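First comes the structure, then the notes that go with it.
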Amino acid sequence: MADIYVYAYVEDEPTEAVLKKMIEYVNSYSRNRFLFCNGAPVITRGYGNLKNTACRFLRAEKSGIWSIFVTDLDQFETVHSLCNNWFGLSCFRQLPSQMIFRIAVREVESWIIADKEGIAEFLNVAVANFTDLPDNISDPK
């Protein structure tokens with residue numbers, strides 16, 4: 001088993017929690033283990049800060065540094081339009097292999113709401129309070 005140290009950046013606390021769960025899940029099934037570098041994941045407090053940090057890391061990827069970025073699709077039409085806006089690339093698959101870039105469609109909060117049973121239990125409210133179509137909520141925060 002090899003340890004891969006990664007720098008990780010997210011916009012906000014809900015995305016940080018989701019990323020930590022994602023890494024925990026991946027580590028339980030992978031022969032390699034992702035470990036956050038000291039202080040990561042870093043909460044950038046907004047889309048603009050996260051975009052600027054990601055662009056700086058894109059230039060540094062040739063040095064072998066691993067990084068993870070998680071953002072929301074928000075008002076972008078498609079994943080490809082977001083990648084073009086951020087990096088000038090037509091697809092996130094054109095990013096270096098050490099740069100893990102994940103986009104929540106539409107927002108990470110809609111991912112959380114999609115687990116109706118889990119969020120209902122966590123909040124101690126009825127499952128009926130949650131929609132079957134969380135991506136249709138204009139602002140799931």
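Here the structure is a predicted model, which means the values were calculated and not measured.
- Leu73 and Glu77 get closest at one heavy-atom pair: CD2-O, 4.4 Å.
- Crowding of Tyr7 atom OH: a count of heavy atoms from other residues, nucleotides or ligands under 6.0 Å not exceeding 12.
- Residue Leu35 is found in a hydrophobic cluster whose other members, listed by chain and number, are Tyr5; membership requires side-chain heavy atoms under 4.5 Å apart, directly or through intermediates.
- Under 3.5 Å, the side chains of Asp12 and Thr15 contain a donor-acceptor pair of N or O atoms.
- Ring geometry, Phe69 versus Phe101: the interplanar angle falls from 30° to 60°, so the pair is classed tilted.
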All N/O donor-acceptor pairs, side-chain side in residues 41-50, below 3.5 Å, sequence neighbours left out:
unit_1	atom_1	unit_2	atom_2	d
Thr44	OG1	Val10	O	3.1
Thr44	OG1	Gly46	O	3.2
Arg45	NH1	Glu13	OE1	3.0
Arg45	NH1	Glu13	OE2	2.9
Arg45	NH2	Glu13	OE2	2.7
Tyr47	OH	Asn85	OD1	3.2
Tyr47	OH	Trp86	NE1	3.3
Asn49	ND2	Thr44	O	2.9

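- Both Ile68 and Val26 belong to a single network of hydrophobic side chains, linked directly or stepwise wherever heavy atoms of I, L, V, M, F, W or Y lie under 4.5 Å apart.
- Atom CH2 of Trp66 sits about 4.5 Å away from atom CD1 of Ile4, to the nearest 0.5 Å.
- Here the CG-CZ distance, from Leu19 to Phe36, works out to 4.0 Å after rounding to the nearest 0.5 Å.
- We find that Lys20 and Glu16 are joined by a salt bridge, their nearest charged nitrogen and carboxylate oxygen being less than 4.0 Å apart.
- The structure places OH of Tyr29 at 11.0 Å from CD of Glu24, a figure rounded to the nearest 0.5 Å.
- Atom CG of Asp72 is separated from atom CD1 of Ile103 by 10.0 Å, given to the nearest 0.5 angstrom.
- Of all heavy-atom pairs between Phe57 and Ser67, the closest is CD2-CB, 3.6 Å.
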